[in-house]
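Working notes for the structure below.
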Number of protein chains: 2
Amino acid sequence: MDISKVVETISASYTPLTDACQGDLVRALKILRFDRSATLVKEGQYADKTYFIVEGCARAYYLKDGKDITDWFAFEGEFISSINSFFLDVPSPHFIEILERGILLELSRDKITILSDKYHDFERLVKTVVTKTLLQLQQRVVSIQFETAQQKYENLLGVQPGITQRVPLTHIASFLGITLETLSRIRNPKNGI
Amino acid sequence: MDISKVVETISASYTPLTDACQGDLVRALKILRFDRSATLVKEGQYADKTYFIVEGCARAYYLKDGKDITDWFAFEGEFISSINSFFLDVPSPHFIEILERGILLELSRDKITILSDKYHDFERLVKTVVTKTLLQLQQRVVSIQFETAQQKYENLLGVQPGITQRVPLTHIASFLGITLETLSRIRNPKNGI
DNA sequence: CGAGGCCTTGACCGCGGTCAATGCCCGTGG
DNA sequence: CCACGGGCATTGACCGCGGTCAAGGCCTCG
């Protein structure tokens with residue numbers, strides 16, 4: 001796999017980076033490959049890394065009263081990290097788990113700080129990634145707050161059509177804030193029509 | 001009112017700005033004063049401005065099936081804008097309304113772009129504001145999704161203790177994603193204990 | 001073949017929504 | 001100065017969505 005190709009893609013899909021910046025970024029990234037599901041971050045760790053997904057998918061989840069609650073999915077071309085730990089430098093409430101065999105790029109906060117200080121355009125890249133995430137999250141608040149379980153599910157399918165083929169329903173249910181049982185009933189056509 | 005003092009406060013509370021940048025920022029800001037409630041942004045407008053609240057408070061809301069749904073409050077020292085319209089350059093789904101007599105600073109997206117291009121540290125300021133907002137929103141998702149109406153309300157009081165003195169309960173209820181009736185019952189001590 | 005993960009289905013019930021009536025406060029005009 | 005009206009909040013009666021608990025189906029893998 002050619003990292004510089006991936007960095008070009010990032011530069012093209014988020015915000016342009018100068019060649020110098022791209023070079024430094026390539027050198028700062030570390031390739032991770034996984035054959036099957038694996039846990040990148042555990043609850044309680046200081047999770048000062050962010051991961052860019054080249055192939056495969058991942059989720060961030062936490063335990064609420066012992067229950068596994070997914071609160072973020074990431075697929076090819078997206079970033080994932082434990083945002084609380086990453087930005088606030090506190091122990092992570094989240095686990096981050098790979099859901100499929102795939103390839104990730106890892107980037108530490110230290111290196112992000114160095115790159116952000118050195119390159120104005122890298123600072124802009126980070127701003128853009130954060131902004132996109134903010135807008136997604138905003139949509140999610142609206143969806144969670146006033147839609148029925150069914151609408152939330154249909155909404156998710158609109159944004160991530162293939163998700164049910166790639167992610168267990170349990171995780172999708174907790175992501176939507178509904179139970180697995182409810183999700184199962186929604187998906188059953190004879191309750192629907 | 002002395003704008004440069006306010007800009008110093010912003011620089012201190014978010015991320016430091018050079019003197020040159022602060023100077024340019026002071027010149028880019030426009031002061032707005034309001035004696036009573038007023039609407040800054042209407043649904044459907046291209047809302048390419050952001051507002052910093054010096055005194056008073058404001059809310060962003062939208063109409064969902066004719067119902068008024070608040071989805072953001074801002075108080076002294078915070079920014080507010082119609083984030084969808086501002087970042088994506090689409091017509092605003094939101095109204096933005098001043099809730100109290102007060103003072104705001106207005107800054108247009110054009111000027112933010114110019115300042116961001118000229119000053120690396122201004123780019124960083126924007127990143128920091130967006131990041132803080134992202135983290136708040138993340139907390140809110142968790143709160144909305146798995147807490148009871150009462151817990152959501154108590155949560156809000158934890159973060160914004162004085163809010164009930166400054167904002168009508170109707171708006172607080174819709175912000176929390178509950179009805180005014182439910183909020184009223186929660187607040188009534190004889191149902192609580 | 002058996003065990004365990006994942007999903008489905010059923011029975012039941014409680015939180016919080018809807019609808020509607022009433023209360024309270026304050027500004028405006030007779 | 002009081003009466004009225006309108007905005008905001010409270011209270012009550014009712015009910016439905018979706019949660020909980022429990023049983024059972026259906027893979028896959030050892």
Side-chain angles (χ1 to χ4, degrees), chain A residues 35-39 57 59 61 63-70 73 95 97-101 142-157 163-193, chain B residues 35-39 57 59 61 63-70 73 95 97-101 142-157 163-193:
Chain A
D35 277 349
R36 53 187 164 67
S37 67
T39 299
C57 61
R59 70 180 182 115
Y61 67 99
L63 299 179
K64 172 149 188 130
D65 310 325
K67 275 177 303 188
D68 172 323
I69 310 285
T70 298
F73 290 114
F95 295 76
E97 183 186 56
I98 301 298
L99 295 171
E100 280 176 358
R101 115 197 284 281
V142 173
S143 172
I144 293 172
Q145 209 161 18
F146 294 104
E147 294 182 348
T148 62
Q150 173 149 13
Q151 287 169 327
K152 289 184 224 176
Y153 177 63
E154 285 166 359
N155 237 21
L156 178 64
L157 288 187
I163 196 169
T164 52
Q165 272 63 257
R166 299 179 68 180
V167 176
L169 294 182
T170 317
H171 302 334
I172 295 177
S174 71
F175 178 72
L176 295 175
I178 65 181
T179 60
L180 176 60
E181 293 92 327
T182 299
L183 179 57
S184 182
R185 285 183 245 269
I186 288 166
R187 286 163 51 84
N188 187 330
K190 67 170 171 282
N191 303 319
I193 310 166
Chain B
D35 278 349
R36 52 189 165 68
S37 67
T39 299
C57 60
R59 69 179 184 117
Y61 67 100
L63 300 178
K64 170 149 189 131
D65 310 324
K67 274 176 304 187
D68 171 323
I69 310 286
T70 297
F73 291 115
F95 295 76
E97 184 188 55
I98 300 297
L99 294 171
E100 279 176 359
R101 110 197 287 281
V142 173
S143 173
I144 294 171
Q145 208 160 16
F146 294 103
E147 293 182 350
T148 62
Q150 174 150 11
Q151 286 169 327
K152 289 184 224 177
Y153 176 62
E154 285 166 359
N155 238 21
L156 178 64
L157 288 187
I163 196 169
T164 52
Q165 273 62 257
R166 300 180 68 180
V167 175
L169 294 182
T170 317
H171 301 334
I172 294 177
S174 71
F175 178 72
L176 294 175
I178 65 181
T179 59
L180 176 61
E181 293 91 326
T182 298
L183 180 57
S184 182
R185 285 183 244 269
I186 287 166
R187 286 164 50 83
N188 186 330
K190 68 170 170 283
N191 304 319
I193 312 168

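Being a predicted model, the structure only gives us computed values, none of them experimental.
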Walk along nucleotides 24-30 of chain D from 5' to 3' and tag each nucleotide B, S or - by protein heavy-atom contact under 4.0 Å, base first, then sugar-phosphate.
-------

How would you list, by chain and number, every residue that makes a ring pair (Phe, Tyr, Trp, His ring centres under 6.0 Å) with B:Tyr61, sequence neighbours excluded?
B:Phe95

Tell me the interatomic distance from B:Gln150, atom CD, to C:dG14, atom P, rounded to whole angstroms.
17 Å

Below 4.0 Å: OP1/OP2 of C:dC15 and any side-chain N or O of B:Thr182:
no

Exactly one of A:Val167, A:Leu180, A:Ile178 clears side chain to side chain contact (heavy atoms under 4.5 Å, CB included) with A:Ile172, and that residue is A:Val167

Donor-acceptor pair under 3.5 Å: do we get one between B:Glu181's side chain and the base of C:dC19?
yes

Is there a side-chain contact between B:Ser184 and the phosphate of D:dT10, meaning an N or O under 4.0 Å from OP1 or OP2?
yes

Take the protein atom CG of A:Leu183 and the nucleotide atom P of D:dG19, then report the distance between them rounded to whole Å.
10 Å

Taking every heavy atom of A:Lys152 against every heavy atom of A:Glu147, the minimum-distance pair comes out as CE-O, 3.3 Å

Just to confirm, is there a sub-4.0 Å distance from OP1 or OP2 of D:dT20 to any side-chain nitrogen or oxygen of A:Thr179?
no

Quick one: does A:Arg185 reach the base of D:dT20 with a side-chain donor-acceptor pair under 3.5 Å?
yes

Distance in angstrom units between B:Lys67 NZ and D:dC8 C1', rounded
18 Å

Euclidean distance, atom CZ of residue A:Phe146 to atom P of D:dG18 [Å, nearest integer]:
14 Å

Quickly work out the B:Asp68 CG to D:dA9 P distance and round it to whole Å.
12 Å

Side-chain (B:Thr70) to main-chain (B:Ser174) donor-acceptor, under 3.5 angstrom:
no

Nearest-angstrom distance from the residue atom CG of B:Asp65 to C1' of C:dT18
14 Å

Can you tell me how far P of D:dG7 sits from NE2 of B:His171, to the nearest Å?
13 Å

Please lay out, stage by stage, how A:Ile69 and A:Leu63 fare under the test side-chain contact (heavy atoms from CB on, under 4.5 Å).
CA-CA 6 Å; A:Ile69 310 285; A:Leu63 299 179; over 6 Å; no

Check the distance between C:dT9's P and A:Leu180's CG and give it to me in whole angstrom.
12 Å

Ignoring hydrogens and angles, tell me if any N or O in the side chain of A:Gln151 forms a donor-acceptor pair with the backbone of A:Thr148 under 3.5 Å.
yes

Taking every heavy atom of A:Phe175 against every heavy atom of B:Gln145, the minimum-distance pair comes out as O-NE2, 2.7 Å

